[in-house]
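Everything below concerns the one structure shown next.
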Amino acid sequence: MKIGIIGCAGRMGRTLIQQVLDTEGAELAAGTVRSDEDALGKDLGELVGREALGIKAGDDAEALFKICDAAIDFTVPENSLANARLAAKHGKVLVCGTTGFTDAQRDELKEIAKGATIIWAANMSVGVNLLQALVKKVASVLDEDYDIEVVEMHHRHKVDSPSGTALMLGEAAAEGRAKPLNEVACKARDGIIGARPKGEIGFATLRGGDVVGDHTVMFAADGERIELTHKASNRSVFAKGAVRAALWSKGQKKGLFNMHDVLATSHW
Ligand code: NAD
């Protein structure tokens, strides 16, 4: 399968180049960067400290879609939406790991996916998707005497908060309680805000250093507390999931899929 990496000079972009090169059945065919980036015109192999591959980083996503079977995009929401439209236009696959979509942008992605095979997940690691399934299960068993809090920490460069993964875990908890997350979520606390409302799902965000991604979901009651934790220590876990999703997409129908479809954990 010919794979192109959009945003290939980013932290995830570079990890994705390595992962595609190291995955049997995947062929690195192209990569793009923003037109104002130093990486424009650089060889994709040299960009990640490997031998030159003879493939230069371009800035034309449409040209990338023309020569690839699937594009992998970990960039920014506006750009990912534009790429979803290109995937639909050219009948190609988009694997998207970008986070920070607004509700309206997520709706737009769903709409575009009626005309393209799109796999989107706020976290593409196998471990986090397993954690998501566990959180839903635990939340469905425990009642509202158990306060749910989602705590996350990421490196100092991360721009969105709470992380897409924290929101995904919050959604799993809300789903377990059969409540829409936006009705029970508290994404920030400051000042004299009063006692914690029963049934609230709280989020706390830490930023610092080079933390790749730590997430804990707590179920805190009087007398006991359950904590489910995932810690990513290497970005390759996300890239592995993304390349696995691209290979899985072969022969799939149009529509919006997630990692549970790829890993076949959707029935859990
Ligand atoms: P980053 O800032 O290092 O990389 C983003 C790259 O996108 C930059 O190099 C930027 O130049 C590029 N870009 C932006 N607009 C572009 C355009 N129009 N054309 C080409 N390139 C463009 O960030 P990162 O840490 O690599 O994370 C990127 C995104 O992936 C974030 O939304 C992050 O939250 C998300 N992420 C998701 C997962 C997951 O498993 N789903 C894992 C890690 C990060």
Side-chain angles (χ1 to χ4, degrees), residues 4-19 30-42 44 47-48 56-65 68 71-87 94-102 105-106 109 118-132 152-169 171 205 207 209-215 230-246 256-263:
I5 310 294
I6 294 170
C8 66
R11 281 178 288 267
M12 277 306 301
R14 288 170 199 257
T15 314
L16 284 158
I17 289 178
Q18 311 246 30
Q19 191 59 44
T32 65
V33 295
R34 285 193 334 252
S35 44
D36 60 347
E37 274 181 279
D38 292 346
L40 183 65
K42 295 225 167 101
L44 298 192
L47 206 56
V48 297
K56 308 275 183 218
D59 62 356
D60 182 352
E62 184 144 26
L64 177 146
F65 273 100
C68 294
I72 305 181
D73 172 342
F74 282 59
T75 60
V76 291
E78 308 75 48
N79 182 48
S80 296
L81 282 176
N83 292 325
R85 281 183 221 106
L86 286 176
L94 178 71
V95 175
C96 181
T98 303
T99 64
F101 285 93
T102 62
Q105 286 173 324
R106 273 181 79 160
L109 189 67
I118 298 178
I119 302 142
W120 178 83
N123 192 307
M124 294 202 161
S125 93
V126 172
V128 159
N129 283 278
L130 185 57
L131 175 65
Q132 188 188 20
E152 57 111 335
M153 179 158 188
H154 281 86
H155 54 86
R156 62 171 73 94
H157 305 287
K158 185 160 180 66
V159 294
D160 52 320
S161 164
S163 72
T165 305
L167 292 171
M168 168 179 155
L169 294 169
E171 262 164 26
T205 298
R207 292 285 176 269
D210 60 355
V211 177
V212 173
D214 292 356
H215 293 87
H230 177 272
K231 294 187 179 185
S233 49
N234 193 311
R235 282 187 180 81
S236 65
V237 293
F238 312 123
K240 266 187 199 143
V243 176
R244 184 164 168 173
L256 188 59
F257 300 93
N258 59 32
M259 282 306 285
H260 291 290
D261 298 309
V262 176
L263 303 170

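Both ligands and their constituent atoms are indexed starting at 1 by order of listing.
- Taking a cut-off of under 4.0 Å to the non-hydrogen atoms of K158, the atoms of ligand 1 that pass are 34 (O).
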Walk me through whether R235 and V212 qualify under side chain to side chain contact (heavy atoms under 4.5 Å, CB included). CA-CA 7 Å; R235 282 187 180 81; V212 173; 4.2 Å; yes

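- For atom 25 (O) of ligand 1, the closest heavy atom belonging to the protein is R11 NE, 3.1 Å.
- Backbone and side-chain nitrogen or oxygen atoms of S125 are examined, and none is located within less than 3.5 angstrom of a nitrogen or oxygen of ligand 1.
- The backbone N or O of A63 lies less than 3.5 Å from a partner atom in the side chain of D60, making a donor-acceptor pair.
- The proximity of V33 to ligand 1, defined as any non-hydrogen pair under 4.0 Å, is limited to the backbone.
- Within a 6.0 Å sphere centred on CG of D36, other residues, nucleotides and ligands contribute more than 12 heavy atoms.
- Of all protein heavy atoms, the one lying nearest to atom 21 (N) of ligand 1 is G7 CA, 3.4 Å.
- Here the OG1-CD1 distance, from T75 to I5, works out to 11.5 Å after rounding to the nearest 0.5 Å.
- The shortest distance between side-chain heavy atoms of S80 and F101 falls below 4.5 Å.
- For the pair C8/L44, a side-chain contact is recorded, criterion being any heavy-atom separation below 4.5 Å from C-beta on.
- Atom 29 (C) of ligand 1 has as its closest protein heavy atom T75 O, 3.5 Å.
- The main-chain N or O of T98 is found under 3.5 Å from a side-chain atom of W120 such that the two form a donor-acceptor pair.
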Audit row: R207, M153, side chain to side chain contact (heavy atoms under 4.5 Å, CB included) steps and yes/no: CA-CA 6 Å; R207 292 285 176 269; M153 179 158 188; 5.8 Å; no

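- For the residue pair T205/S161, the side-chain donor-acceptor check at 3.5 Å is satisfied.
- Residue M124 has at least one nitrogen or oxygen atom sitting less than 3.5 Å from a nitrogen or oxygen atom of ligand 1, judged on distance alone.
- For atom 39 (C) of ligand 1, the closest heavy atom belonging to the protein is A122 O, 3.3 Å.
- Shortest contact from atom 16 (C) of ligand 1 to any protein heavy atom: R34 CG, 3.3 Å.
- Which parts of ligand 1 touch E37 is read off a 4.0 Å heavy-atom cut-off, strictly below it: atoms 9 (O), 11 (O).
- The heavy atom nearest to atom 41 (N) of ligand 1, out of those in C96, G58, A121, G31, is found in A121.
- When only interatomic distances are considered, the shortest N/O to N/O separation between T32 and ligand 1 does not fall below 3.5 Å.
- Interface of M12 with ligand 1, defined as ligand atoms under 4.0 Å from a residue heavy atom, comprises 26 (O), 43 (C), 44 (C).
- The protein atom (non-hydrogen) at minimum distance from atom 32 (O) of ligand 1 is T99 N, 3.0 Å.
- Atom numbering of ligand 1 starts at 1 in the shown order; those under 4.0 Å from a heavy atom of F238 are 40 (O), 42 (C), 43 (C).
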Check the pair D59, T32 against side chain to side chain contact (heavy atoms under 4.5 Å, CB included), reporting the backbone distance first and the verdict last. CA-CA 5 Å; D59 62 356; T32 65; 5.7 Å; no

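- The shortest contact between atom 28 (C) of ligand 1 and any protein heavy atom is with F74 O, 3.4 Å.
- For ligand 1, the atoms closer than 4.0 angstrom to any heavy atom of G97 are 30 (O), 35 (C), 36 (N), 37 (C), 38 (C), 39 (C), 41 (N).
- Salt bridge present: R106 and E171 bring a charged side-chain N and a carboxylate O closer than 4.0 Å.
- Closest protein heavy atom to atom 8 (C) of ligand 1: G10 CA, 4.0 Å.
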